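What follows is a set of notes on a single structure, which appears directly below.
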Amino acid sequence: QVQLVESGGGLVQAGGSLRLSCVASGRTIPTYAMGWFRQAPGKERERVAAISRSGDNTYYADSVKGRSTISRDNAKNTVYLQMNSLKPEDTAVYYCALAPAGLLVGRYDYWGQGTQVTVSS
């Protein structure tokens, strides 16, 4: 009933930028808190950023803080992750997810298929 589709990934050189998008469809009204995660081969999944229902509250992992910006456009049912000054360590599959119970509870119930980000040195 809920579908999330990520896009915007690709191959970029170190120091470059990417803008990831996640479009939600289905029973997404009312809006939910959302998060971006990433997972690289052989590594644990990491929460990169998150945003509240209203968009007024955001979270960033230390690994991307200062380089990334999460935002949302509720009219378009879309959440974005702008990533600048990309590093090879940012290489991973990036997923967006919905947290219907809010960020404090931290339960992400719906996930997208992921989009690959590859940063070359």
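Values reported hereafter were calculated over all heavy atoms of this structure, with side chains retained and with hydrogens, waters and symmetry mates removed. It should be emphasised that the depicted structure is a prediction, and the values quoted were computed from it without experimental measurement.
The shortest heavy-atom contact between Arg67 and Ser85 is NH1-O, 3.0 Å. Contact between Val12 and Gly16 at its shortest, heavy atoms only, is CG2-CA, 3.8 Å. Residues Cys22 and Met34 share a closest heavy-atom pair of SG-CE, 4.0 Å. Of all the heavy atoms in Ser121 and Ala14, the pair that sits closest is CA-CB, 4.3 Å. Here the closest heavy-atom approach between residue Ser17 and residue Asn84 is recorded as OG-OD1, 2.9 Å.
Using modelled atom types, no side-chain atom of Thr118 and backbone atom of Leu11 make a donor-acceptor pair closer than 3.5 Å. For Thr78 (side chain) and Lys76 (main-chain N/O), a donor-acceptor pair under 3.5 Å exists by modelled atom type. In terms of modelled atom types and a separation under 3.5 Å, the side chain of Ser68 and the main chain of Lys65 share no donor-acceptor contact. Although no hydrogens or angles enter the test, the distance criterion places no donor-acceptor pair under 3.5 Å between the side chain of Arg38 and the main chain of Glu46. Between the Tyr108 side chain and the Trp36 main chain, no donor and acceptor come within less than 3.5 Å of each other.
Atom OG of Ser25 is separated from atom CD of Gln1 by 11.0 Å, given to the nearest 0.5 angstrom. With values rounded to the nearest 0.5 angstrom, Thr31 atom OG1 is found 4.5 Å from Asn74 atom CG. How far CG of Asp56 is from CZ of Arg72: 10.5 Å, rounded to the nearest 0.5 Å. Here the CD-CD distance, from Glu6 to Gln113, works out to 4.5 Å after rounding to the nearest 0.5 Å.
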Could you give the side-chain donor-acceptor pairs of residues 96-104 under 3.5 Å, partners two or more places apart or in another chain?
none

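Side-chain contact between Gln39 and Tyr94 is absent, with no heavy-atom pair separated by less than 4.5 Å. With contacts defined as side-chain heavy-atom distances shorter than 4.5 Å, the pair Val23/Leu4 does not qualify. Between Tyr60 and Val48 the shortest side-chain heavy-atom distance does not fall below 4.5 Å. You'll find the side chain of Gln82 stays beyond 4.5 Å of the side chain of Ser71, heavy atoms only. Side chains of Leu20 and Thr115 form a contact here, defined as non-hydrogen atoms less than 4.5 Å apart. Looking at Leu18 and Leu86, their side chains come closer than 4.5 Å, going by heavy atoms from C-beta outward. Side-chain contact between Gln116 and Thr91 is present, with at least one heavy-atom pair separated by less than 4.5 Å.
Trp111 and Tyr95 have perpendicular rings, their planes meeting at more than 60° on a 0 to 90° scale where under 30° would count as parallel.
Geometrically, Arg47 engages Tyr59 in a cation-pi contact, judged by NZ or CZ lying under 6.0 Å from the ring centre and within 45° of the ring axis. In this structure, Arg45 satisfies the cation-pi test against Phe37, with its NZ or CZ atom closer than 6.0 Å to the six-membered ring centre and inside 45 degrees of the ring normal.
Ion pair Asp90/Lys87 not flagged as a salt bridge, since none of the NZ, NE, NH1 or NH2 atoms sits closer than 4.0 Å to an Asp/Glu carboxylate oxygen.
Note: the hydrophobic cluster containing Val2 also contains Val79 (ILVMFWY, side chain heavy atoms under 4.5 Å, direct or indirect links).
The ring of Tyr32 has its center no closer than 6.0 angstrom to the ring center of Tyr110.
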